[in-house]
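Written out below as structure tokens is the structure these notes cover.
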There are 2 protein chains.
Amino acid sequence: MSEPAAGHGNGNGRREVTVTDVAAAAKVSKATAARALGDYGAVSEAVRDRVQAAAEQLGYRPNALARTMSTGRSNTLGIVVGDIENPFFAQATRGAADVANAAGFDLILSNSDEEAETEQKAIGVQLAKRVDGLLVAPASSVDTANLRTIIDAGRPLVLFDRAVPELEVDTVTADNRRGAEQLTRLLTGNGHRRIAFISTIRHSDGYRRGDTLGSSSVADRVQGFVETLEGAGVPDPAAFVHLNAREEGVEQLARRLLEDEDHGITAVVASDSLIALGVFRAARALGLSIPGDLSLVAFDDADWTGVTTPAVTVIAQPIHEIGAEAARLLIRRIGGDGAPPVTHVLEQHLIERESVARPARG
Amino acid sequence: MSEPAAGHGNGNGRREVTVTDVAAAAKVSKATAARALGDYGAVSEAVRDRVQAAAEQLGYRPNALARTMSTGRSNTLGIVVGDIENPFFAQATRGAADVANAAGFDLILSNSDEEAETEQKAIGVQLAKRVDGLLVAPASSVDTANLRTIIDAGRPLVLFDRAVPELEVDTVTADNRRGAEQLTRLLTGNGHRRIAFISTIRHSDGYRRGDTLGSSSVADRVQGFVETLEGAGVPDPAAFVHLNAREEGVEQLARRLLEDEDHGITAVVASDSLIALGVFRAARALGLSIPGDLSLVAFDDADWTGVTTPAVTVIAQPIHEIGAEAARLLIRRIGGDGAPPVTHVLEQHLIERESVARPARG
DNA sequence: CTGAAAGCGCTAACAT
DNA sequence: ATGTTAGCGCTTTCAG
């Protein structure tokens with residue numbers, strides 16, 4: 001005979017110990033037991049001790065779901081990132097998790113794969129689980145439908161890494177425009193004029209000035225890049241912007257760019273560390289020396305960038321802090337802060353290493 | 001006047017749309033509406049359409065928590081890893097997430113920081129949230145108290161990366177013993193005799209043969225290392241095992257080892273890619289060339305290991321698959337599979353690159 | 001300070 | 001096929 005599963009529910013064999021059980025054991029009412037256990041209301045010390053002893057003895061574990069049902073608060077944040085394997089998101093998630101835990105919140109994680117549809121599904125799940133608020137690095141800075149469902153559900157939302165200008169929500173980003181400017185200026189300052197900017201962001205066609213990009217952070221980088229080149233008197237800087245690199249493969253694209261005399265590229269700005277890796281591989285395959293034949297700079301101070309030959313000059317972003325600050329803002333909103341939305345733009349900083357030199361030719 | 005919050009609960013202003021609302025709008029009973037919405041039981045097509053239209057119209061979102069309350073199933077897995085920033089865990093988590101999602105489960109993520117106490121807290125939270133089962137890379141392979149609370153709670157548990165022999169639970173690991181053997185044999189085959197093994201695992205004192213280590217995977221690596229050295233006739237191989245590297249700092253420890261004539265180290269086996277990075281830095285700081293002055297091999301085919309000069313010879317683990325397989329096993333258990341626990345040991349494979357040569361001296 | 005009772009949103013018997 | 005009712009475990013009035 002199997003245990004008579006109390007009522008329905010509880011797929012699992014063993015019945016869970018509930019407040020009712022504890023109350024009975026401690027010979028108090030359910031309400032009193034709950035008060036003692038949940039640490040609210042007023043309970044005499046004697047009773048509290050008795051209840052807690054009983055709870056301990058029975059192995060009572062509060063059911064957070066039931067608690068959420070009555071209080072409406074889950075003490076849980078949702079976070080949706082492009083891909084947790086991407087070191088950027090891993091770090092940001094960690095930053096958020098640390099702040100969340102410190103404030104008594106847990107985290108439900110979802111990957112969007114930078115795909116609107118997957119993102120929507122993820123948001124749906126989080127909402128269904130009644131998270132108290134959401135942290136999201138939106139797959140698109142222009143398509144706002146997904147994010148609106150969060151707002152419509154009345155849940156606080158904070159964006160990180162990418163802004164969505166059209167939405168009035170708290171946002172934490174880094175100053176990518178200025179970062180790109182620093183990187184590019186370093187290159188032009190060394191005499192480079194034909195500099196490629198490479199990103200994996202999806203884009204329908206060749207980039208043209210003024211095109212709207214799916215990610216505001218990449219858009220800002222491109223802007224900083226283009227403007228700096230322009231300031232240096234380089235004609236048609238937009239032609240040096242190469243997007244969609246995932247489609248062809250970063251290494252492949254880089255090879256094509258570097259091989260081809262037409263391009264005459266002497267330096268590249270990699271929009272993240274994975275791209276830098278691809279460029280590194282391409283240069284190596286082509287027998288090009290860095291920085292002799294090619295200068296390379298990149299976004300994100302990935303741990304390995306200091307250990308290659310040459311070490312890579314990068315813009316470091318305060319990634320942890322981006323996640324942490326986003327979580328702080330979210331928790332504040334959950335706490336009921338009704339102030340108008342804020343946008344925090346964190347500073348990036350340049351780490352000069354060995355991958356930049358004056359171009360051999362030109 | 002603020003909205004009259006229906007009953008208690010629901011911290012948020014707006015009242016959520018419930019089945020009851022939808023039922024009323026569609027002019028059917030709550031039960032029928034629920035059946036149509038939840039896609040169970042039998043509902044006539046006409047009614048189903050009507051209900052779904054009403055739901056759509058009202059913006060109904062199911063409350064997964066309430067559903068869990070009645071069914072006892074949350075369709076959620078918990079995963080607790082050492083640190084999501086560690087690429088190993090990020091990849092394994094992604095593998096698990098993919099399998100979980102495909103099967104309709106979500107993931108709650110916690111970091112243990114490899115700390116028993118933090119791990120315990122994380123497990124407590126997951127249990128309170130009534131996850132259907134847990135995936136854990138245990139902070140300790142010997143202290144089983146934390147894991148037992150999961151088993152006592154009657155929740156399925158599967159271990160990954162690290163085994164806990166004392167516990168009868170499904171486990172997925174890689175064949176670290178053999179991996180270490182391959183790496184070490186490659187070194188001894190090249191004539192190395194004084195090879196250091198470096199790990200950050202905590203250990204009270206200097207390593208001695210037969211010591212129990214906190215992580216079974218490191219323990220297995222050490223075993224493979226020591227036995228291979230022994231087989232090659234190296235006296236006192238245990239003396240070449242250096243643990244606790246985090247305390248001193250990997251780079252610092254490596255420097256000390258490489259500088260000191262007493263050690264006369266000609267090669268090192270790094271227990272993970274972060275350690276390899278530290279060794280790389282140390283060698284560089286000391287002006288030692290790899291592989292001329294020092295051979296280096298490591299666990300984990302981190303993306304950058306192919307791009308350093310020289311590229312690093314590594315043992316690649318099927319990290320994704322470790323997470324994915326663990327999730328599969330867990331889901332099977334949740335499904336009620338009562339078969340005796342299994343242990344899956346996945347194969348690692350050697351990727352030879354350029355960081356190994358015969359030692360200059362010796 | 002303690003107890004009784006209602007309710008959170010949903011599902012599952014049990015009718016009809 | 002549909003409706004009625006009870007119940008999941010907890011919190012929260014409301015009385016006493």
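Chain identifiers are assigned alphabetically (A, B, ...) following the order of the sequence lines, protein sequences preceding nucleic acid strands; residue numbering begins at 1 within each chain.
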ask   = Which residues within residues 44-63 of chain B lie with some heavy atom under 4.0 Å of an atom in DNA chain D?
value =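 Only B:S44, B:V47 qualify.
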
message = Please enumerate all residues that pass side chain to side chain contact (heavy atoms under 4.5 Å, CB included) together with B:P156, with sequence neighbours excluded.
response =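 Expected list: B:L330, B:R333, B:I334.
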
query = Any ion pair linking B:R162 and B:E114 (charged N to carboxylate O, less than 4.0 Å)?
reply =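 Salt bridge flag = yes for B:R162 with B:E114.
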
message = Do the side chains of A:D106 and B:K121 get close enough for a salt bridge, i.e. N-O under 4.0 angstrom?
response =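 No salt bridge links A:D106 with B:K121.
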
Whole-Å distance separating the [atom1] atom of [X] from the [atom2] atom of [N]:
{"X": "B:M69", "N": "D:dG9", "atom1": "CE", "atom2": "P", "value": "7 Å"}
{"X": "A:D21", "N": "D:dG9", "atom1": "CG", "atom2": "P", "value": "8 Å"}
{"X": "A:R130", "N": "C:dG9", "atom1": "CZ", "atom2": "P", "value": "8 Å"}
{"X": "A:K129", "N": "C:dG9", "atom1": "NZ", "atom2": "C1'", "value": "16 Å"}
{"X": "B:R73", "N": "C:dC10", "atom1": "CZ", "atom2": "P", "value": "19 Å"}

request  = Please determine which of B:R328, B:E321, B:E325 meets the side chain to side chain donor-acceptor pair (under 3.5 Å) test together with B:H344.
outcome  =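 Filter result, single survivor: B:E325.
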
key: Exercise: identify the closest heavy-atom pair between A:Y60 and A:V17   =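 What the structure gives for the nearest pair is CD1-O, 3.4 Å.
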
inquiry  = With rounding to the nearest 0.5 angstrom, report the CG to CD distance, A:D83 to A:E115.
reply    =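 Spacing of CG (A:D83) from CD (A:E115) equals 12.0 Å.
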
query = Do B:T68 and A:K129 meet the criterion of a side-chain donor-acceptor pair at a distance under 3.5 Å?
reply =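 Their side chains do not contain a donor-acceptor pair, so the 3.5 Å distance test is not met.
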
inquiry  = At less than 4.0 Å, is any side-chain N or O atom of B:Y40 found next to OP1 or OP2 of C:dA12? Yes or no.
reply    =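 No, because none of the side-chain N or O atoms of B:Y40 sits under 4.0 Å from OP1 or OP2 of C:dA12.
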
Could I get a table of every N or O pair under 3.5 Å where one atom is in the protein and the other is in nucleotides 3-5 of chain C?
| unit_1 | atom_1 | unit_2 | atom_2 | d |
| --- | --- | --- | --- | --- |
| C:dG3 | OP2 | A:S29 | N | 2.9 |
| C:dG3 | OP2 | A:S29 | OG | 3.2 |
| C:dG3 | OP2 | A:T32 | OG1 | 2.7 |
| C:dG3 | N7 | A:R35 | NH2 | 2.6 |
| C:dG3 | O6 | A:R35 | NH1 | 3.4 |
| C:dG3 | O6 | A:R35 | NH2 | 3.2 |

task = Any chance you could lay out the side chain to side chain donor-acceptor pair (under 3.5 Å) test for A:S74 and A:D132, step after step, and finish with the verdict?
result = CA-CA 6 Å; A:S74 61; A:D132 291 332; 3.2 Å; yes

key: Nearest to side-chain heavy atoms of A:T71, which nucleotide of D:dC10, D:dT12, C:dC10   =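 So the nucleotide nearest the side chain must be D:dT12.
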
